[in-house]
Amino acid sequence: MEIEIIAVGGYNEVGRNMTAVRCGKEIVIFDMGLRLDQIVVHEDAEIESMNALDLIKIKAIPDDTLLNGIDGSVKAIVCSHGHLDHIGAVPKIAHRYNAPIISTPYTTELIRQQIAGEQKSAVNNKLLALKAGQRYTLSQDLVLEFVRTQHSIIDTVTPVLHTPHGAIVYALDFKFDRTPVIGEPPDFARLRQIGKEGVLALIVESTNIDRRGRCPSERIARDLVRDTITSYEDDKNALIVSTFSSHIARIKTIAECAHEIGRKPVLLGRSMEKYSVTAEQMKLVSFPETTSVFGNRRTVDRTLRRMMKDGKDKFLPIVTGHQGEPGSILTRMATGDTPYQLGPGDKVIFSANVIPSPMNTGQRYMVDARLGLSGVRVFEDLHVSGHAYREDHFELVQLLCPQHIVPAHGNLKMTAAYTQFAGEMGYTPHSTVHLVGNGQRIRIN
Ligand SMILES: [Zn+2]
């Protein structure tokens, strides 16, 4: 049986991830992601009402038209976790394949919501929820397994495709967090066992390969956040925290710290509402009972007005806008475009890094400058990454001992750095470690 890995998206950039694996005449697709900065660059782009070909043209979603020329039928679309760069293109292109979409329960619910909001295409693929640790038989030759891992969104797994020639492990995205804030550590024992059974190929993220050492645990971020928030226990000024709306573990930490110092946590923004309410309804997280959530702009502004009236010191707003996104709540607060007035002594805490792109850097600069003009004290980088560092990658390769490695989830600088790293571990470029770009295909047996 011929086995081929087809790099569809996410190999020339960070975003719009998609990889297809062909085993004989059967194809399994991993992820269908969006590249958000391409949407924002084309400011007039309204994704829900755009069709797939236009989105492919602006490089916002993977160019899956290359699969048209491949002889085989798609058996499954597998999504590893709920970040938009992994599931965001599902509503646009999944309907072209007569195959179920398989993901963990939380990811499945996020995909279901995305499909419900789609205006352009009718997506009728069956949604199949598979839990970490479970297996699913795709065909006589192919079995899918979800191995538990950790990342910056809950219910992330490492999908493993068992083929007659060995396992194909799709390790994006992951971090080896041994003391996570939500959920269990990665299933190291199972990874080691899969390594013993035989791994034909490892498809792996390369985003943080140039960062030495290990990625710090989410426990470290919890300490950073707690250390800062609890030191303002008696403060009468505003305390506002901005973080990733999909980072449920971080939001839980922030809400608990607010509760600890006697402030009510208030989650504000549509995306904050989406991820948190979904997680809470699925009983994957519990926030302090004083927590409230407001999504749409009208209720957000009403809540901000109420906080001004009742006293800023009684609340801790958790808001979107850490990248300085225009129209986000924090940006609107900073520009005085809400009923919530910021003034000297108020504090804004960024529990996030600035995702390095010229646009983000510029937009964040503007927000920081505005906050500074109002006399606001700014706290930065109370954050740890959700992506494996170099020594985590070293451990993964040692656990799995794959015959072939395909670095993914990165621009050429990142995938090339991974190739060099693999070279240092004894892999040979073009032979056992494969540096590929979008649209390239490699036969691995
Ligand atoms: Zn991710």
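Throughout, residue positions are numbered sequentially from 1 according to the sequence presented. What you see is a predicted model, and the numbers here were worked out from it, not measured in a lab. One-based numbering, in listed order, for ligands and for the atoms of each.
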Visitor: Tyr11 and Thr19: side-chain donor and acceptor closer than 3.5 Å?
Guide: yes

Visitor: For the residue pair His387 / His409, report whether a side-chain donor-acceptor contact shorter than 3.5 Å exists.
Guide: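 Distance-only check fails for His409 and His387.
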
Visitor: Suppose the criterion is ring pair (Phe, Tyr, Trp, His ring centres under 6.0 Å): which pairs have a residue in residues 185-210, not counting sequence neighbours?
Guide: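 For residues 185-210: Phe176-Phe188.
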
Visitor: Around the Zn ion (ligand 1), how many protein N, O or S atoms are closer than 2.8 Å?
Guide: 4

Visitor: Which residue pairs pass the ring pair (Phe, Tyr, Trp, His ring centres under 6.0 Å) test when at least one of the two sits in residues 425-445, sequence neighbours left out?
Guide: His404-His434

Visitor: Closest approach of Ser217 and Val384, non-hydrogen atoms and distance?
Guide: O-CG2, 3.7 Å

Visitor: Under the salt bridge (charged side-chain N to carboxylate O under 4.0 Å, His left out) definition, can you give me all pairs with a residue in residues 420-438, not counting sequence neighbours?
Guide: Arg390-Glu424

